[in-house]
Amino acid sequence: MIYLKTDEEIELLRKANLLVSGTLAEIAKIVRPGITTLEMDALAEQYIRDNGAVPTFKGFPNPNGPAFPASICTSVNDVVVHGIPDSVPLKEGDIVSVDCGTYIDGFCGDSCYTFCVGEVAPEVKTLLEVTKRSLYLAIEQSNAGNRLGDIGFAVQSYCERNGYGVVREFVGHGIGHEMHEDPQVPNYGSRGTGKQLKNGLCIAIEPMITMGSNKLRMLPDRWGVVTSDGKPAAHFEHTIAIHNGKADIMSSFEEIEKIERQQN
């Protein structure tokens, strides 16, 4: 069942999502060769709790294995999604997708950003640029009266035209009191198909795009999922509300991108 939000609820969702964005910006400050994803996780959890929220990922149940043990997902290089933070130092040229969720005042926030670790190969940088651009193309289609297929088509057509694979098994989702609500928001589809977008609909749009094949395999920890060909993947996510007929982006990359510009 799709639950449309009121203006007041949208503002509470915005608060939760801006906290996620602030957490990712804190992580942006420390991303460099030699840092571990466990250090990122400790920083994220402290920041979230210091701001009166709880990390929604920590303890998240898994029907196929143990609950998620950390506050953020850190997916390095060929890990597409749900990577568990560990003590392996990141290396120059790595990429790491950091997915973060918060819960505060009864509502959830959810956003993801893929970071470069030092200087990355030009072809990897292009993968990140195309993936991020596809997210904004999808958001441009998120107007009242359009359909979920318009969102998926925007991502799929742009990324495949650039020679990349579009992950099918993992999709975006509705968001509100729960982190995952109806409807599912695929990154592929046909124009004019699927449920109609209405004012008050709040969704997380999250393209997961691969440099090679879109075929995946699961890691033994029953959480992390990697590309079957070992090629890198990128993941960017915004939470939006359909508000006054148009997409209202409730998370933000602005501070992250400012930090990245300063570091370069």
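For reference, positions follow the sequence shown, starting with 1. None of these values were measured; they are calculated from a predicted model.
More than 12 heavy atoms of other residues, nucleotides or ligands shown are found within 6.0 angstrom of CZ on Arg147. No more than 12 heavy atoms of other residues, nucleotides or ligands lie within 6.0 Å of CD in Glu178, so this atom counts as exposed by the packing criterion. When the shell of 6.0 Å around CD of Glu123 is examined, it contains more than 12 heavy atoms from other residues, nucleotides or ligands. Counting heavy atoms of neighbouring residues, nucleotides and ligands inside a 6.0 Å radius, atom CD of Glu260 exceeds 12 of them.
The hydrophobic side chain of Leu18 is isolated, with no ILVMFWY side chain under 4.5 Å apart from it. Val54 shares a hydrophobic cluster with Tyr103; the chain of contacts runs through ILVMFWY side chains whose heavy atoms sit under 4.5 Å apart.
Proximity of Tyr188 to Arg168: side-chain heavy atoms (C-beta onward) are separated by under 4.5 Å at one or more points. The shortest distance between side-chain heavy atoms of Val167 and Ile209 does not fall below 4.5 Å. Taking the side chain as every heavy atom from C-beta outward, Phe153 and Ser190 never approach each other to under 4.5 Å. Inter-residue side-chain proximity for Ser251 and Val20 is flagged as unmet; no heavy-atom pair is nearer than 4.5 Å. A heavy-atom distance below 4.5 Å is not found between the side chains of Val117 and Arg32. Considering only heavy atoms from C-beta on, Val88 stays 4.5 Å or farther from Thr36 through its side chain. When side chains are defined from C-beta on, Val80 does not count as touching Val226, because their heavy atoms never get closer than 4.5 Å.
Relative ring orientation between Tyr136 and Phe253 is described as perpendicular, the plane-to-plane angle rising above 60° on a 0-90° scale split at 30° and 60°.
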(request) Decide yes or no on salt bridge (Lys or Arg N to Asp or Glu O under 4.0 Å) for Lys215 and Glu169, but give the supporting numbers first. (result) CA-CA 9 Å; Lys215 303 298 181 218; Glu169 292 88 343; over 6 Å; no

(request) Please lay out, stage by stage, how Ile72 and Ile27 fare under the test side chain to side chain contact (heavy atoms under 4.5 Å, CB included). (result) CA-CA 11 Å; Ile72 54 174; Ile27 289 170; 3.9 Å; yes

(request) Start with the C-alpha distance between Lys91 and Asp94, add both sets of side-chain angles, then the distance that settles salt bridge (Lys or Arg N to Asp or Glu O under 4.0 Å), and finish with yes or no. (result) CA-CA 6 Å; Lys91 305 184 307 297; Asp94 284 344; 3.5 Å; yes

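Counting only distance, with no hydrogens or angles, the side chain of Arg222 and the backbone of Pro220 share no donor-acceptor pair below 3.5 Å. Between the side chain of Ser111 and the backbone N or O of Glu237, at least one donor-acceptor pair lies under 3.5 Å. The backbone N or O of Gly192 sits less than 3.5 Å from a side-chain atom of Asp150, completing a donor-acceptor pair. For Glu11 (side chain) and Glu8 (main-chain N/O), no donor-acceptor pair under 3.5 Å exists by modelled atom type. Side-chain atoms of Asp78 never come within 3.5 Å of backbone atoms of Asp229 as a donor-acceptor pair (strictly under, hydrogens ignored). For Glu160 (side chain) and Ser157 (main-chain N/O), no donor-acceptor pair under 3.5 Å exists by modelled atom type. Here the side chain of Asn199 pairs a donor or acceptor atom with the backbone of Asn244 at under 3.5 angstrom. Panel note: side chain Thr102, backbone Ala16; a donor-acceptor pair is recorded below 3.5 Å. A distance-only check finds a donor-acceptor pair linking the side chain of Asn51 to the backbone of Tyr47 [under 3.5 Å]. Put simply, the side chain of Glu181 gets close to the backbone of His177: a donor and an acceptor are under 3.5 Å apart.
Remark: the His173 side chain and the Asp182 side chain contain no N/O donor-acceptor pair separated by less than 3.5 Å. Counting only N and O atoms by type, the side chains of His235 and Tyr113 include no donor and acceptor under 3.5 Å apart. With 3.5 Å as the limit, one finds no donor-acceptor pair spanning the side chains of Ser97 and Ser75.
The structure places CG of Asp110 at 6.5 Å from OG1 of Thr56, a figure rounded to the nearest 0.5 Å. Rounding to the nearest 0.5 angstrom, the gap separating the OG1 atom in Thr210 from the OH atom in Tyr164 is 10.0 Å. Taken to the nearest 0.5 Å, the CD1 atom of Ile48 stands 5.5 Å off from the OG atom of Ser71. In this structure, CG on Leu90 lies 12.0 Å from SG on Cys116, to the nearest 0.5 angstrom. A distance of 7.0 Å separates CE in Met208 from NE2 in His82, rounded to the nearest 0.5 Å. Ile2 contributes atom CD1, which lies 10.5 Å from atom CD of Gln196 (distance to the nearest 0.5 angstrom).
For the pair Lys5 and Tyr3, the cation-pi criterion (under 6.0 Å, within 45° of the ring axis) is fulfilled.
Cluster annotation: Val171 and Leu137 are assigned to distinct hydrophobic clusters (Ile/Leu/Val/Met/Phe/Trp/Tyr, side-chain heavy-atom contacts under 4.5 Å, transitive). There is a path of hydrophobic side-chain contacts, each under 4.5 Å, that joins Leu148 to Val155. Both Val120 and Phe115 are part of a single hydrophobic cluster, where members link through side-chain heavy atoms under 4.5 Å apart. Following chains of ILVMFWY side-chain contacts shorter than 4.5 Å, one cannot reach Val96 starting from Val81, and the two form parts of different hydrophobic clusters. Both Leu128 and Met211 belong to a common hydrophobic cluster when Ile, Leu, Val, Met, Phe, Trp and Tyr are linked at side-chain heavy-atom distances under 4.5 angstrom.
Across Leu135, Ile240, Thr239, Asn17, a single residue satisfies side-chain contact (heavy atoms from CB on, under 4.5 Å) together with Ile249, and that is Ile240.
Sorted by first and then second residue, the salt bridge (Lys or Arg N to Asp or Glu O under 4.0 Å) pairs involving residues 39-55 (not counting sequence neighbours) are Glu45-Arg49, Glu45-Lys58.
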